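Below: the structure, in structure tokens.
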Amino acid sequence: EYTGSDSVFIRSGFRLLASSITGQNREEALNILEAVAGFQNTKGDNSLLSDSKKRAEILYTRVNPFERIFPYYMLSGFLLLLILFINIFRLKQLPGIVKKVFLSVILMIFIVHTAGLALRWYISGHAPWSNGYESMVYVAWAAMLAGLIFGKRYPMVVGTASFLAGIALFVAHLNWMNPEITNLVPVLKSYWLTIHVSVITSSYGFIGLSAFLGVLVLILIIIRKPANDNKVNVIIGQLTTINEMSAIAGLYFLAAGTFFGAVWANESWGRYWGWDPKETWSLITILVYSFIVHMRLIPGLKGT
């Protein structure tokens, strides 16, 4: 596209840069990079990141919030659950100060998690749930949010949610996940990305919390003994109620998200439903969880 001196600069600039780096001439390399930056600002200013976004991305990369917080999520959740289990055998309540310390620590980690998502959104210019890595980070956030909503007075729920969030963030940082901030592929350049994916992915957090609470209740049933029967039964009743609430909330989000996904599919491909694997398993998941949350209405399946 370019002619004259611009064409010469493009052809020679990077060759000179390569030779100056090879020759370890730092000053010359920096001068060439400065000239390249000036050329980019003159010719392509509209397509470049702003200085504030560059600074934000450098800060994000240095802090690396999600990889940094997942051990604290897991450790806080595990220690809180461990203390609660020990207190069940001791037949004592969790001291108020211990409860406040753990809740404060987990809440601070959650604030860092939220700030990291907001910063990533600002840098990329789109909602931070556009690929596998971002989806796992968002699932962890939704699970922790569900725990804080439903576990305000129940530390065992908050501890479970914290442990689940830590596991989700751990999975997000396995070597087959790509944490790079990338441009959106064309099909995702739609406001439906924000609506559909945020709703349906948040359902995974609520349903995940429900699953972990179910496992926790099974463990409590196993360790229940005549000495602690009354206390354990009270905790099981509380967890079962919260489990049901979380599953119902997750089912609402899942159904609404699937509906929004069908509308988006119609906008993108001209059809609402094509029975592809994602759509089919969305429907199967809705049916499974619909049965689970309505089991209490079947006389033979009533009870904890």
Side-chain angles (χ1 to χ4, degrees), residues 65-114 136-174 202-250 292 304:
F66 306 127
E67 187 171 9
R68 188 163 290 191
I69 63 175
F70 86 74
Y72 297 106
Y73 262 143
M74 293 180 76
L75 185 62
S76 300
F78 177 76
L79 288 177
L80 180 55
L81 290 174
L82 183 64
I83 292 170
L84 288 166
F85 271 102
I86 291 172
N87 275 12
I88 288 173
F89 288 106
R90 294 173 63 205
L91 299 176
K92 289 186 177 182
Q93 292 292 329
L94 183 69
I97 185 67
V98 175
K99 178 181 174 181
K100 286 180 180 177
V101 167
F102 272 104
L103 290 179
S104 299
V105 169
I106 290 171
L107 184 60
M108 282 192 291
I109 300 170
F110 180 70
I111 290 170
V112 173
H113 193 164
T114 306
M136 289 305 300
V137 170
Y138 183 64
V139 167
W141 183 86
M144 193 65 250
L145 178 65
L148 291 172
I149 291 172
F150 294 124
K152 196 173 180 182
R153 292 183 297 141
Y154 307 105
M156 195 167 279
V157 176
V158 176
T160 304
S162 179
F163 191 68
L164 172 58
I167 289 175
L169 286 180
F170 168 73
V171 172
H173 291 91
L174 295 176
S202 64
S203 75
Y204 306 157
F206 284 85
I207 287 171
L209 177 64
S210 179
F212 266 61
L213 289 176
V215 172
L216 196 59
V217 167
L218 291 176
I219 293 170
L220 287 171
I221 290 171
I222 291 168
I223 66 170
R224 182 170 54 186
K225 289 181 171 55
N228 59 21
D229 191 55
N230 290 334
K231 185 175 182 180
V232 172
N233 284 340
V234 170
I235 295 172
I236 288 174
Q238 293 170 348
L239 292 181
T240 301
T241 302
I242 295 167
N243 188 338
E244 188 177 323
M245 291 164 60
S246 187
I248 290 170
I292 289 169
T304 304

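Quick caveat, the model's predicted, so the values are computed rather than measured.
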query = What are the two closest heavy atoms between L209 and V157, and how far apart are they?
reply = CD1-O, 4.2 Å
key: Atom pair OG/CG of S162 and L148 - distance to nearest 0.5 Å   = 9.0 Å
Check: I242 main-chain N/O paired with S246 side-chain donor or acceptor under 3.5 Å = no
inquiry  = Contact between V112 and R68 at the side-chain level, heavy atoms closer than 4.5 Å - yes or no?
reply    = no
query = Do side-chain atoms of N228 reach the backbone of K225 as a donor and acceptor pair under 3.5 angstrom?
reply = yes
Backbone N/O of F110 and side chain of T114: donor-acceptor pair under 3.5 Å = yes
inquiry  = Can you tell me how far apart CG (L218) and CD1 (I223) are? Round to the nearest 0.5 Å.
reply    = 12.0 Å
query = Do the ring planes of F212 and F163 sit parallel (below 30°), tilted (30 to 60°) or perpendicular (above 60°)?
reply = tilted
remark   = d(I236 CD1, N243 CG) to nearest 0.5 Å is 12.0 Å
message = So does G237 get a backbone contact from the side chain of T241, meaning a donor-acceptor N/O pair under 3.5 Å?
response = yes
remark   = Sorted by chain and residue number, the ring-ring contact (aromatic ring centres under 6.0 Å, His included) partners of F102 (sequence neighbours excluded) come out as none
inquiry  = Taking ring-ring contact (aromatic ring centres under 6.0 Å, His included) as the definition, give me every residue that meets it alongside Y73, ordered by chain and number, with sequence neighbours left out.
reply    = H113
remark   = CE of M245 to CZ of F206, rounded to nearest 0.5 Å, is 10.0 Å
query = Which atoms form the tightest heavy-atom contact between G147 and V158, and what is the distance?
reply = O-CG2, 3.9 Å
request  = Return the minimal non-hydrogen interatomic distance between K99 and P155, and the atom names on each side.
outcome  = CE-CD, 4.1 Å
When the side chains of residues 77-88 are checked against the rest of the protein, which donor-acceptor pairs come out under 3.5 Å, sequence neighbours left out?
residue : atom : partner : partner atom : Å
N87     : OD1  : R90     : NH1          : 3.3
N87     : ND2  : Q93     : O            : 3.3

inquiry  = Just verifying a value: how many Å separate I292 CD1 and E244 CD, rounded to the nearest 0.5 Å?
reply    = 11.5 Å
inquiry  = Is it the case that over 12 heavy atoms from other parts of the model lie below 6.0 angstrom from the OH atom of Y154?
reply    = yes
ask   = If we only count heavy atoms from C-beta on, is the V137 to W141 side-chain gap below 4.5 Å?
value = no
task = With the side chain counted from C-beta on, respond yes when L220 and M156 share a heavy-atom pair under 4.5 Å apart, and no when they do not.
result = yes
message = Quick one, M144 and I106 - any side-chain contact, counting heavy atoms below 4.5 Å?
response = yes
query = How long is the span from the CD1 atom in I111 to the CD1 atom in I69, to the nearest 0.5 Å?
reply = 11.5 Å
note = For A143 and A161 the tightest heavy-atom approach is O-CB, 3.6 Å
